[in-house]
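Taking it in order: structure first as structure tokens, then the write-up.
As the structure is a computational prediction, the values presented were derived from the model and not from experiment. Sequence positions, counted from 1, serve as the residue numbers for this chain.
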Amino acid sequence: MSPKTITPALVGLDIGVGADKSDVIRALAARVAEQGRATDAEALFEDAWAREQKDETGLPGGIAIPHAKSPAVTEPSLAFARLKPGVDFGAPDGPADLVFLIAAPDGAAEAHLAVLSKLARSLMLDEFTAGLRAAKTPEEVVALVDEAIGESDGPAAAATEPAPAAAAAGSTPEALLIDGRPARIVAVTSCATGIAHTFMAADALTKAGTDSGIDLVVEPQGSSGYQALPQSVIDAADAVIFANDVDVREEGRFAGKPVVRSGVKRGIEQPDRLIAEAVSVARDPNGARVTAAGGGSAASGTQQLSWGRNIQRILLTGVSYMIPFVAGGGLLIAISFLPFLGGYGIALAHGSSGVNNAVYTLQHYAIWDLPPQGLGYYLGAIAFEIGSVSLGFLVPALSGYIAFAIADRPGIAPGFVAGAIAVFMNAGFLGGLIGGLLAGFAAWLIGRPAVPRWLRGLMPVVIIPLGASIIASGLMLLILGAPIAWLMAQLTAFLNGLTGAGAIALGIILGLMMTFDLGGPVNKVAYAFAVAGLAAQTPASFQIMATVMIAGMVPPLGMALASTVLYRRGFTQVERENGAAAWLLGASFISEGAIPFAAADPLRVIPANLAGGAVAGALAMAFGVESRAPHGGIFVFFAIDPIWGFLLALAAGTAVTAFVVVGLKRFAAPRRAAAIAEEDAVDERMETAVV
């Protein structure tokens, strides 16, 4: 028999564990670990805190449900604290006094996740929360929760899923009537983890629909799976509500329906308003509709983000999908340059076709022969061929997945075609960007009108890709491709001609961009610029790639040097542990290794990162360092030339960042070290006290 989800040892009544929600989450994570249900309290805290950073978990009524799926969790667990005083978790009506930490294993079984979701649903019931506030012992709390989640021998009424009551026109407000009858609405709810908010929003919407006298049915799409609504119910609905923090699964089922979109928390906090908006959009012939394409279309994005932010999201989606093509192809080409394989000369000397590299030609090569006849050259040529072909997908992949971010799967084919046209016209990555946007928005517009049901199946696989390909690729060929190609030629000539102060200035700018937000939009723009330039295979493109890589390695390495070597007492115990890990992260070109330091002390860490990045970028350009690999840090040393310039620029940037942050911590906040020592002592006492 598996252990119960909650035990008295996981319950704390009328306790105070700190004034901040991070203190509460850390204390509850410690309880879970102390009971042997998690291998690492700090790892569980970090996963729950990362979820909290995405969206605050405070709910109306003095409730908070921080939660996470974490590899550190070994048993699905609930840890509960009744706080005195309450702590602010971001709820609109004030602090929370009832806090559940929901901890699920990373690969939790559906049955376990379903149990945890039952708790979330029970928290919507006033009698359940009143019982938690009235409980006098941890055992009483455990009994209440066991009954709610179905782990007791008694009835588990609170755990059952509420069923919508039949709607009656006489009890329905006139504002919620359509054609004289109660509105029929379907809804889909989902959150990032699919454990808590998903089901709480579903219950809140269901209850609001029942109270309003309308017919409302909800499809919660949680981590424990979901049961799709019957298509007949969807077809009969007047409107659909999407209360989601992640993409709706199989959104095409709702094509043509009037739609209201929001985050999942609004489904919990404002279900009545969402219902009113859904009825309003159903009455409006020009209201928003679910596109035939389905998925994360531009329609969904523009209702939650400004156009500028939405375009940024779209472009970064394209870049993220493009990077594997570049990483694989770029590293294969770099490997082919190894001295015992093809050497750098293979890029010029190798001109054979794939047929000449076929395995049955291996007899013409001897292991002991030197290039261009040896077995090493043969293998290098194979790597070069594969890498070159892979790198050729750079622009089409960028364009295709930009279109995907706008119009979902129907946008991929026209996006790839527009990207291929950009390559054909020498319009480069800029042509790919524009082609992807054209293809995506064309696909979205074609899929937007409501169509008869018999035509819906053809829309995403034939009509949308065909029409969008004609529009986007036609515009590229007839109008836009030539001027974009001219602009790219001018940009390439400008970069190739940069020397001296101009090259150093570019290095400083790239260094600042790479170290400003550590994997954020500014960092990604600089990295995307460098990666896209690799397709040109010019010295300037290799130098830009090396500069970006070196600058991106500086923040984690600088923080590691400062926190583990130069000034340990200026950093907390947690920061020192992060610093130890940051050595490897920095060496691997993972800028995000410095995020914990920047989040804890941004006014000192970010300026230090910028200073080190600017120095590293300037030196990388001054030394003419080139990198033929798009990622890998120090581990792709064989693709970097000269390696001494790479190491010198990296060491200088790391040292500047480390000494600047140490100086700021010592002289801009001279009492911080003492405060950190006291904080470490408090943490130790807290961990000992939380039993």
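Looking at every heavy atom in both residues, A41 comes nearest to A30 through CB-CA, 3.9 Å. What you find for L216 and G209 is that their closest heavy atoms are CB-CA, 4.3 Å. Between V281 and A288, the shortest heavy-atom contact is CG2-N, 3.6 Å. Across all non-hydrogen atoms, the minimal contact from G267 to A204 is O-CB, 3.4 Å. Scanning all heavy atoms of the two residues, the minimum distance from A239 to A282 falls at CB-CB, 4.0 Å. In terms of heavy atoms, I214 sits closest to A183 at CB-O, 3.4 Å.
Contact of the L144 side chain with the E140 side chain is not registered, since no non-hydrogen atoms from C-beta on lie closer than 4.5 Å. Side-chain contact check for V259 versus F254: every heavy-atom pair is 4.5 Å or farther apart. Using a 4.5 Å heavy-atom cutoff, the side chains of L98 and R82 are in contact. Side chains of D40 and F45 form no contact here, defined as non-hydrogen atoms less than 4.5 Å apart. Within the 4.5 Å cutoff, the side chain of R568 has no heavy atoms near those of the S563 side chain. The shortest side-chain heavy-atom distance between D215 and P182 does not fall under the 4.5 Å cut-off.
Note that NZ of K69 is 11.5 Å distant from CG of D47, once rounded to the nearest 0.5 Å. Taken from OG1 in T137 to CG in L13, the straight-line distance is 7.5 Å, to the nearest 0.5 Å. Considering CG of D14 and NZ of K136, their distance stands at 10.0 Å, rounded to 0.5 Å. Rounding to the nearest 0.5 angstrom, the gap separating the CD atom in Q270 from the CD1 atom in I275 is 12.0 Å. Once rounded to the nearest 0.5 Å, the distance linking OG1 of T129 with CD1 of I63 reads 5.5 Å. In this structure, CD1 on I65 lies 11.0 Å from CG on L78, to the nearest 0.5 angstrom.
Proximity of a side-chain donor or acceptor of E219 to a complementary backbone N or O of L229 within less than 3.5 Å is detected. Judged by distance alone, with hydrogens and angles left aside, the side-chain atoms of T74 form a donor-acceptor pair with the main-chain N or O of R37 at under 3.5 Å. A donor-acceptor pair under 3.5 Å is formed between the side chain of R184 and the backbone N or O of A236.
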Given side-chain contact (heavy atoms from CB on, under 4.5 Å), test W49 with E52 step by step and report yes or no. CA-CA 5 Å; W49 185 246; E52 191 75 23; 4.2 Å; yes
Test side-chain contact (heavy atoms from CB on, under 4.5 Å) on F516 and N609 and set out the steps. CA-CA 7 Å; F516 176 68; N609 288 339; over 6 Å; no
Step-by-step side-chain contact (heavy atoms from CB on, under 4.5 Å) determination, V87 to V99: CA-CA 9 Å; V87 172; V99 181; over 6 Å; no
Evaluate the side-chain contact (heavy atoms from CB on, under 4.5 Å) criterion for residues R31 and Q35: first the C-alpha distance (whole Å), next the side-chain angles of each, then the deciding distance (0.1 Å), finally the verdict. CA-CA 6 Å; R31 282 183 180 265; Q35 297 306 308; 5.7 Å; no
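Within the structure, side-chain hydrogen bond (donor to acceptor under 3.5 Å, both in side chains) contacts touching residues 271-281 (residues at least two apart or in different chains) are R266-E277.
Taking the six-membered ring where the residue is Trp, F597 and F571 present perpendicular rings, their angle passing 60° and hence far from 30°.
Of the candidates K257, R283, R181, D238 forms a salt bridge (charged side-chain N to carboxylate O under 4.0 Å, His left out) with just one, namely R181. Each of L28, T57, L132, L10 was scored for a side-chain contact (heavy atoms from CB on, under 4.5 Å) with F100, with one residue passing: L132.
One finds a salt bridge joining D97 and R133 here, because a Lys/Arg side-chain nitrogen approaches an Asp/Glu carboxylate oxygen to under 4.0 Å. A salt bridge does not link R26 with D20: every distance from a Lys NZ or Arg NE/NH1/NH2 to an Asp or Glu carboxylate oxygen is 4.0 Å or more.
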